[in-house]
Amino acid sequence: MLEASEEVYSSLRRRFKGDLLRPGESGYEAARAIWNGLVARAPGLIALCADPSDVENAVRAASQVGILTAVRCGGHSLAGFSTCDRGLVIDLSRMRRVVVDSEARRARIAGGCLLGTVDAATQKAGLVFPSGVVSHTGASGLILGGGTGWLTRRFGLSCDNVEGFTLVTCDGAVVRASSKENLDLFWALRGGGGNFGVVTEFEVKLHPLTAVVFAEGLSPEADIGSLLAYWRNFMAEAPLDLKWNISLRLAPHTNTVPAALRGQPVASNSLVWTGDPAAGRSYLAGALARCRPDSVSSKIISFLDLQTMADADFPHGRRYYTKSGYFSDLDERSIASMAEAVATIPSSETQIELAYLGGAAAQVAPRETAFGDRSAPIIMNLLASWSDATADASNLSWIRGLFRRLRPAMKPGAYVNFMSADEQDRVPEAYQERWDRMVAVKSHYDPTNFFRLNQNVPPRKLPPTHP
Ligand SMILES: Cc1cc2nc3c(=O)[nH]c(=O)nc-3n(C[C@H](O)[C@H](O)[C@H](O)COP(=O)(O)OP(=O)(O)OC[C@H]3O[C@@H](n4cnc5c(N)ncnc54)[C@H](O)[C@@H]3O)c2cc1C
């Protein structure tokens with residue numbers, strides 16, 4: 001019997017405009033790799049789509065054959081959902097067109113764009129689309145799950161800035177969703193991930209911004225507890241223009257780090273001020289006073305520099321594992337657990353990432369979009385990053401152990417974009433009271449769960465077919 005992937009190949013090869021790659025063919029090895037080196041799979045066929053009609057044909061062929069199908073934009077799914085063994089990968093990486101209407105402050109973003117592609121195009125018009133903090137991340141996966149970054153407090157989540165989606169549903173049909181068309185789908189696509197179809201285009205709002213004040217500094221291990229308590233209180237009252245992220249980690253061995261701190265547990269503080277620099281001075285000074293003076297810097301940088309400054313810290317091909325959750329508040333016990341855990345971090349790149357949301361993201365009513373919790377301002381991501389497979393066990397167990405200790409103080413909820421593959425049981429928790437509506441939309445648009453390599457919302461069971 002023919003492998004399912006060969007059936008799809010035969011069906012597509014005459015009309016496909018992009019490239020179809022099978023194991024052993026030139027380009028296949030490079031195309032099969034995704035960002036997370038922990039997830040190495042061998043698809044039976046990789047369909048590098050040239051345009052939306054390739055996507056339609058690929059989905060239709062795959063649906064008919066019933067082959068396991070992964071959809072890929074930037075390949076940065078932490079869980080590794082954008083690949084599979086023996087199945088089909090619908091890869092959109094050749095679809096990276098961004099069309100900016102500077103007067104209307106709107107853009108149309110193709111489904112294969114990276115954040116960097118979007119930033120480069122929108123900055124030419126002095127405009128920004130609020131997205132994530134690493135420019136090689138895929139825009140589609142990030143937006144569909146929600147999308148948080150430096151501008152979340154000022155302009156909201158990425159998904160809050162989408163006005164329309166064009167997607168290919170499981171039967172190969174092209175469907176539009178906006179505030180005027182298919183309202184349930186429009187609601188579900190803003191936070192519901194890849195559950196409903198392949199998005200080939202996003203229509204988004206843009207905002208004027210070309211530069212920010214960027215400040216950073218390190219707080220030594222002994223000060224981590226008091227810093228986190230200060231941050232929690234300070235950010236609750238901070239203006240929307242201020243974003244302050246903290247990473248608890250081992251300080252890198254670089255020239256910019258004071259010699260006494262290198263390799264030591266620290267809190268690494270990164271602050272962005274998006275408003276008038278003079279108005280931000282006192283807020284930044286208050287925060288930087290919690291850092292070691294010889295580690296502090298503050299400067300005005302371009303938006304493009306901001307968006308690319310962390311790129312090299314998260315290289316492709318390393319091994320990554322993550323667990324995350326929300327806090328309404330950080331109690332003293334959680335602060336102590338985090339501070340203690342830094343001292344036992346198993347890898348120099350592994351870290352506890354803390355971001356304070358709120359602001360514009362919290363001003364959208366919870367029922368307006370499918371996105372997870374907007375009320376808990378603190379989001380924590382435990383991110384392990386290492387390169388040697390022999391360190392898999394120590395990194396995974398460090399993350400899991402710390403998560404278990406912190407879990408009782410967390411607010412139930414999860415951000416789908418920060419979830420690992422072993423957390424499918426937490427998907428209902430991500431949507432909470434929005435779960436039934438998610439299941440209803442999924443059952444309507446993808447009744448056979450064709451799109452299941454994602455933080456999956458299973459459709460209602462199909463009634464048995466009668467002969
Ligand atoms: C280095 C790094 C930095 C990150 N920084 C941030 C950050 O600052 N803020 C934040 O919110 N998140 C961040 N994330 C998490 C990120 O949002 C998710 O990993 C996201 O899924 C990545 O999108 P992608 O398109 O690259 O992923 P992919 O692996 O290509 O896809 C991820 C999921 O989306 C689905 N999908 C992809 N494209 C489409 C499409 N066109 N239509 C339908 N479904 C699709 C896939 O099937 C899969 O389920 C980061 C991740 C990494 C690895």
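Atoms considered below: every heavy atom in the structure, side chains included; atoms not considered: hydrogens, waters and symmetry mates. Numbering of residues begins at 1 and proceeds along the displayed sequence. Both ligands and their constituent atoms are indexed starting at 1 by order of listing. Everything quoted here is computed from the prediction, not taken from an experiment.
When each atom of ligand 1 is checked for a heavy atom of Phe314 under 4.0 Å away, the hits are 1 (C). Numbered from 1 in the order shown, with element, the atoms of ligand 1 that lie under 4.0 Å from a heavy atom of Gly194 read 44 (N). Heavy-atom proximity to Gly132, at under 4.0 Å, picks out these atoms of ligand 1: 7 (C), 8 (O), 9 (N). Using a 4.0 Å cut-off to heavy atoms of Asn454, the atoms of ligand 1 that qualify are 49 (O). In summary, the atoms of ligand 1 found under 4.0 Å from a heavy atom of Gly111, numbered by their order in the structure, are 41 (N).
No hydrogens or angles considered: nothing links the side chains of Trp150 and Asn245 as a donor-acceptor pair under 3.5 Å. Inspection of the Arg154 and Thr274 side chains reveals an N or O donor paired with an N or O acceptor under 3.5 Å.
Regarding atom 23 (O) of ligand 1, its nearest protein heavy-atom neighbour is Gly141 CA, 3.2 Å. At the top of the distance list for atom 52 (C) of ligand 1, counting protein heavy atoms only, stands His76 CD2, 3.8 Å. Closest to atom 26 (O) of ligand 1 among all protein heavy atoms lies Gly138 N, 2.8 Å. Of all protein heavy atoms, the one lying nearest to atom 10 (C) of ligand 1 is Leu142 CD1, 3.4 Å. Among protein heavy atoms, the minimum distance from atom 43 (C) of ligand 1 is reached at Gly197 O, 3.1 Å. When hydrogens are left out, the protein atom nearest atom 32 (C) of ligand 1 is Ser77 CB, 3.6 Å; that is the closest non-hydrogen contact. Nearest to atom 29 (O) of ligand 1 among the protein's heavy atoms is Ser82 OG, 2.6 Å. Closest to atom 46 (C) of ligand 1 among all protein heavy atoms lies Val71 O, 3.1 Å.
Below 3.5 Å of separation, one finds no N or O of Leu92 facing any N or O of ligand 1. Among the atoms of Val199, some N or O lies under 3.5 angstrom from an N or O of ligand 1. Annotation: Val198 places no N or O atom under 3.5 Å from an N or O atom of ligand 1; distance criterion only. Taking distance alone, with nitrogen or oxygen atoms compared against 3.5 Å, Ala139 stays at or beyond that limit from ligand 1. Checking only distances, Gly74 does come within under 3.5 Å of ligand 1, N or O to N or O. In terms of polar-atom proximity, Val134 is not counted as a contact of ligand 1, lacking any N or O under 3.5 Å from an N or O of the ligand. Geometrically, ligand 1 and Arg72 share no nitrogen or oxygen pair separated by less than 3.5 Å. Considering backbone and side-chain N/O atoms, Tyr415 comes within less than 3.5 Å of an N/O atom of ligand 1. For the pair Trp35 and ligand 1, the shortest N or O to N or O distance does not fall below 3.5 Å.
Inter-residue side-chain proximity for Val457 and Trp435 is flagged as met; some heavy-atom pair is nearer than 4.5 Å. Under the 4.5 Å side-chain criterion, counting only non-hydrogen atoms from C-beta, Lys205 is not in contact with Asp160. The side-chain heavy atoms of Lys323 and Arg400, taken from C-beta on, include a pair separated by under 4.5 Å. Contact annotation: the side chain of Val198 never approaches that of Leu167 to less than 4.5 Å [non-hydrogen atoms, C-beta and beyond]. Side-chain atoms of Ser324 and Glu353, non-hydrogen and from C-beta on, never get closer than 4.5 Å to each other. A heavy-atom distance below 4.5 Å is found between the side chains of Gln307 and Ser131. Annotation: side chain of Leu151 is not in contact with side chain of His207 (no heavy-atom distance under 4.5 Å). Here the side chains of Asn456 and Lys442 are in contact, with some heavy-atom distance below 4.5 Å.
Taking 4.0 Å as the cut-off, Gly147 counts as a neighbour of ligand 1 on heavy-atom distance. Assignment of Phe418 to the shell around ligand 1 is supported, since a heavy atom sits closer than 4.0 Å. The closest approach between Gly75 and ligand 1 falls below 4.0 Å for a heavy atom of the residue.
Using a distance-only test at 3.5 Å, with no hydrogens or angles considered, a donor-acceptor pair links the side chain of Asn161 to the main chain of Phe155. Between the side chain of Arg32 and the backbone N or O of Arg41 there is at least one donor-acceptor pair closer than 3.5 Å. Between the side chain of Asp184 and the main chain of Val441, no donor-acceptor pair closer than 3.5 Å is present.
Closest heavy-atom approach to atom 44 (N) of ligand 1 among the candidates Leu144, Val416, Leu383, Asp311: Leu144. The closest non-hydrogen atom to atom 5 (N) of ligand 1, taken over Thr148, Thr137, Thr200, comes from Thr137. One option in Leu167, Val133, Leu189 has a heavy atom closer to atom 8 (O) of ligand 1 than any other, and that option is Val133. Residue Asn417 holds the heavy atom nearest to atom 17 (O) of ligand 1 of all those in Asn36, Ile34, Asn417.
Of the candidates Leu228, Asn269, Ile246, Val266, Ser219 forms a side-chain contact (heavy atoms from CB on, under 4.5 Å) with just one, namely Asn269. No option in Tyr356, Phe234, Phe214 other than Phe234 meets the ring pair (Phe, Tyr, Trp, His ring centres under 6.0 Å) test with Trp244.
Listed here is the closest heavy atom pair of Pro346 and Asn395: CG-OD1, 3.4 Å.
Contact annotation for Tyr320 and ligand 1: no heavy atom of the residue comes within less than 4.0 Å of the ligand.
Around atom CZ of Arg97, no more than 12 heavy atoms belonging to other residues, nucleotides or ligands sit under 6.0 Å away.
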